Amino acid sequence: MSEYYWTRYPGPMNSDGSVPGRFPFTGGQTPFDPNYYNPQSPVPPGTPGTEGEPGIPPLPGGEPQAEPQRVRKTKQAANKKGDVVDTIKELGQMTVPQTKTNIHCMTIVGQIEGHLVLPPQNKTTKYEHIIPQLVALEENPEIEGVLIVLNTVGGDVEAGLAIAEMITSMSKATVSLVLGGGHSIGVPIAVSSNYSYIAETASMTIHPIRLTGLVIGVPQTYEYLDKMQDRVVNFLTRHSQVTDNKIRELMFRTGDLARDIGTVLIGKDAVEAGLINEVGGISHAVKKLNQLIEEGRNSGGLVQ
């Protein structure tokens, strides 16, 4: 039984196992004897034990002191303080406004990570995180709309197409908003929603598919690239107003990118090309999403 005190008193012990000056006891007595309770003990009387231990009994003839209630309040204050510190560290502010809503905001930022893990200094969006989240949103009856906010440089082609296909096949209302940039494979993700917006200063880079690393120079490699290119082009033409000829002309245009081929579309240029529906910001996107949700309620389901 004296081991119960050893875990709470790191100081030296007497040869008989007692704690010098605090928990004296003699043969036949136990450290749990209330007659030998020391008021200077850091463990209050009536404190329950852990892992099957009986704990410390209350003082003789009395009820357990009110210290456990103060301990609980201290723990609650410490937890609240810890939450505030975490919020400051993660978001740079004291509190985060909490409100119950039927809209979920999903952010796709940095580089879209696929089958290969990118270096730790890269800000990435992992497709193995996004896809289960989309499945959970589809199954959640309280969520009626999804707002997709993009600021991405692109990344893995197959991972980006997988995310785009998941978004376009959802039964919930979806609206995308391109802020900063929605480049490369971020373009199919931007057009995969029911309605798309782009900020006036945001940009989108349209370019052909490229490979990095070791490439085997055989005809099969180029045929594979052509097929993958067709997958991206077909997806864009199915889910936006851009035509096949227009998107290929943008991909292989020379002169717009230094030492490269492709086109950079800024704001209204993406709308005029037929990729994005409208130029707007967060208020436009939320308003449109609520409109689509209301239409879905009235019609019994959102029509893709």
Side-chain angles (χ1 to χ4, degrees), residues 86-87 90-91 96-115 118 123-199 202 204 231-232 235-236 238-240 275-278 280-304:
D86 291 340
T87 304
E90 297 296 333
L91 303 176
V96 179
Q98 300 290 335
T99 179
K100 185 174 178 61
T101 177
N102 61 340
I103 295 176
H104 178 81
C105 179
M106 174 179 292
T107 57
I108 298 178
V109 298
Q111 191 167 349
I112 298 173
E113 186 179 272
H115 306 301
L118 295 174
K123 185 176 291 296
T124 62
T125 295
K126 302 178 183 295
Y127 80 114
E128 69 269 24
H129 294 172
I130 296 295
I131 291 178
Q133 188 175 353
L134 290 171
V135 175
L137 291 174
E138 178 67 21
E139 294 180 343
N140 190 343
E142 297 182 357
I143 298 298
E144 298 181 278
V146 182
L147 175 64
I148 302 103
V149 179
L150 294 101
N151 189 1
T152 176
V153 297
D156 189 277
V157 175
E158 291 189 345
L161 282 178
I163 295 174
E165 290 286 3
M166 288 285 292
I167 294 174
T168 195
S169 61
M170 294 183 68
S171 62
K172 309 294 178 75
T174 55
V175 171
S176 62
L177 173 61
V178 180
L179 298 173
H183 306 289
S184 190
I185 200 60
V187 177
I189 299 177
V191 305
S192 63
S193 60
N194 301 125
Y195 203 84
S196 57
Y197 285 91
I198 185 171
M204 306 180 78
R231 291 163 61 190
V232 176
F235 186 91
L236 293 176
R238 289 198 313 269
H239 298 92
S240 68
L275 282 171
I276 302 297
N277 294 113
E278 190 177 343
I282 182 65
S283 61
H284 303 86
V286 173
K287 182 178 179 181
K288 183 65 176 181
L289 188 55
N290 285 321
Q291 178 184 341
L292 293 175
I293 292 173
E294 191 64 27
E295 292 175 358
R297 291 173 180 170
N298 297 333
S299 62
L302 187 67
V303 179
Q304 293 288 337

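Just so it is clear, the structure is predicted and the values come from calculations on it, not from any experiment. Note that the numbering runs from 1 along the sequence shown for the chain.
- Lys172 places no side-chain N or O within 3.5 Å of a backbone atom of Ile293 that could act as its donor or acceptor partner.
- Residues satisfying the side chain to side chain contact (heavy atoms under 4.5 Å, CB included) test with Val153, not counting sequence neighbours, are Gln111.
- Listed by first and then second residue, the ring-ring contact (aromatic ring centres under 6.0 Å, His included) pairs involving residues 150-172 amount to none (not counting sequence neighbours).
- Residue pairs meeting the salt bridge (charged side-chain N to carboxylate O under 4.0 Å, His left out) criterion with at least one member in residues 174-197, sequence neighbours excluded, do not occur.
- Listed by first and then second residue, the salt bridge (charged side-chain N to carboxylate O under 4.0 Å, His left out) pairs that reach into residues 99-115 are Lys100-Glu142, Glu113-Lys126, sequence neighbours excluded.
- His115 pairs by the ring-ring contact (aromatic ring centres under 6.0 Å, His included) definition with Tyr127, not counting sequence neighbours.
- Sequence neighbours left out, not one pair with a member in residues 181-195 passes salt bridge (charged side-chain N to carboxylate O under 4.0 Å, His left out).
- The ring-ring contact (aromatic ring centres under 6.0 Å, His included) search around His239 returns Phe235, not counting sequence neighbours.
- Scored by the side-chain hydrogen bond (donor to acceptor under 3.5 Å, both in side chains) test, Ser176 finds Ser193 as partners (sequence neighbours excluded).
- Leu179 meets the side chain to side chain contact (heavy atoms under 4.5 Å, CB included) test with Val149, Leu177, Ala199; sequence neighbours excluded.
- Under the side-chain hydrogen bond (donor to acceptor under 3.5 Å, both in side chains) criterion, Asn151 pairs with no residue at all, not counting sequence neighbours.
- Here Glu278 pairs with Tyr195 under the side-chain hydrogen bond (donor to acceptor under 3.5 Å, both in side chains) rule; sequence neighbours left out.
- Under the side-chain hydrogen bond (donor to acceptor under 3.5 Å, both in side chains) criterion, Gln291 pairs with Glu295, sequence neighbours left out.
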